[in-house]
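Single-structure report; data block below.
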Amino acid sequence: MTTLGAPPLDFAVRRRPGRAASAAALMLAISACSSGTQQTTPAATPSASAPAGQRETAAPTSSSASGRDTSMNIHVTLDGRPVDAVLNDSPTVRDFAALLPLTLDLKDFHGTERVADLPRKLDTAGAPEPVAAAVGDIAYYAPWGNLALFYQDGPAPSPDLLVLGHLDVSADQLGRATSITVKAAT
């Protein structure tokens with residue numbers, strides 16, 4: 001995100017879903033090799049028998065595309081369609097989870113992200129090191145207290161922008177989304 005008065009950001013680079021998945025797999029392999037132990041949990045796939053909008057997305061105990069451990073199971077729908085998603089394990093994410101369930105109207109911001117105001121600001125104490133947001137990332141912009149869903153790569157890392165998780169959805173679908181619903185998995 002940019003601050004008010006700053007020129008609009010123009011990001012011409014678009015990642016293809018295959019490249020993002022390859023990058024995530026590479027990050028997982030590197031982190032598994034460097035930790036001294038190799039322990040992976042296969043990601044669960046949505047149950048085909050679950051009703052639309054109620055498919056559970058199991059968050060793996062491996063790394064997300066943003067490189068942080070994930071552990072929260074959530075249900076996410078964009079415009080009523082279920083999408084796979086994971087949230088990072090951080091104090092800010094746990095504060096976000098306390099707001100669930102949420103249904104938010106999304107609007108475009110600078111041709112880079114879809115944004116929505118949250119009911120209140122989130123606690124950012126103990127936030128992880130900043131990373132640059134990538135296509136599909138769910139982020140929290142602390143100064144404005146809003147949720148941001150990136151359909152283009154975001155700006156350079158900033159302590160004001162906290163990546164909360166990742167949506168496994170195309171940039172085109174995310175760029176057109178008008179509504180998101182996030183619920184805790186039961």
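All of these numbers come straight from a predicted model, not from anything done at the bench.
- When atom types are taken as modelled, the side chain of Asp153 and the backbone of Val135 share a donor-acceptor pair closer than 3.5 angstrom.
- Remark: the backbone N or O of Ala127 is not paired with any side-chain donor or acceptor of Thr124 at under 3.5 angstrom.
- Within the 4.5 Å cutoff, no side-chain heavy atoms of Val93 are placed close to those of Tyr140.
- Between Phe96 and the options Leu87, Asn88, Leu162, Ile138, a side chain to side chain contact (heavy atoms under 4.5 Å, CB included) holds for only Leu87.
- Residues Gly136 and Leu174 share a closest heavy-atom pair of CA-CD2, 4.0 Å.
- The shortest non-hydrogen separation linking Pro119 to Leu99 is CD-CD1, 4.1 Å.
- Residue Gln152 comes nearest to Gly111 through the heavy atom pair CG-O, 3.4 Å, listed as atom of the first residue, atom of the second, then distance.
- Inter-residue side-chain proximity for Arg120 and Leu122 is flagged as met; some heavy-atom pair is nearer than 4.5 Å.
- Annotation: salt bridge (Lys or Arg N to Asp or Glu O under 4.0 Å) contacts of Asp123 (sequence neighbours excluded): none.
- Across all non-hydrogen atoms, the minimal contact from Thr112 to Gly154 is CG2-CA, 4.4 Å.
- Look at Asp95 and Lys121 and you find no salt bridge, because none of the NZ, NE, NH1 or NH2 atoms lies under 4.0 Å from a carboxylate O.
- With sequence neighbours excluded, the residues that form a side-chain contact (heavy atoms from CB on, under 4.5 Å) with Asp79 are Ala177, Thr178, Ser179.
- Distance check, rounded to the nearest 0.5 Å: CG of Asp137 to CG of Leu164 gives 9.0 Å.
- Take Asp168 and apply the salt bridge (Lys or Arg N to Asp or Glu O under 4.0 Å) test, not counting sequence neighbours, and it matches no residue.
- Evaluation of the salt bridge (Lys or Arg N to Asp or Glu O under 4.0 Å) rule for Arg176 yields no partner, not counting sequence neighbours.
- Contacts of Asp108 classified as side-chain hydrogen bond (donor to acceptor under 3.5 Å, both in side chains), with partners at least two apart in sequence or in another chain: Tyr151.
- With sequence neighbours excluded, the residues satisfying side-chain contact (heavy atoms from CB on, under 4.5 Å) with Pro157 are Pro130, Ala132.
- Taking Thr181 as the reference, Thr77, Thr103, Lys183 meet the side-chain contact (heavy atoms from CB on, under 4.5 Å) condition, with sequence neighbours excluded.
- When every heavy atom of Ala184 is checked against every heavy atom of His75, the shortest pair comes out as O-CD2, 3.7 Å.
- Side-chain atoms of Leu167 and Val76, non-hydrogen and from C-beta on, do get closer than 4.5 Å to each other.
- Note that CD1 of Ile180 is 6.0 Å distant from CG of Leu147, once rounded to the nearest 0.5 Å.
- Side-chain atoms of Asp117 and Leu104, non-hydrogen and from C-beta on, never get closer than 4.5 Å to each other.
- Side-chain atoms of Phe109 and Tyr141, non-hydrogen and from C-beta on, never get closer than 4.5 Å to each other.
- Summarising the geometry, atom NE2 belonging to His166 is positioned 11.0 Å from atom CG belonging to Leu149; distances are rounded to the nearest 0.5 Å.
- In this structure the side chain of Leu118 never reaches within 4.5 angstrom of the side chain of Asn146, judged on heavy atoms.
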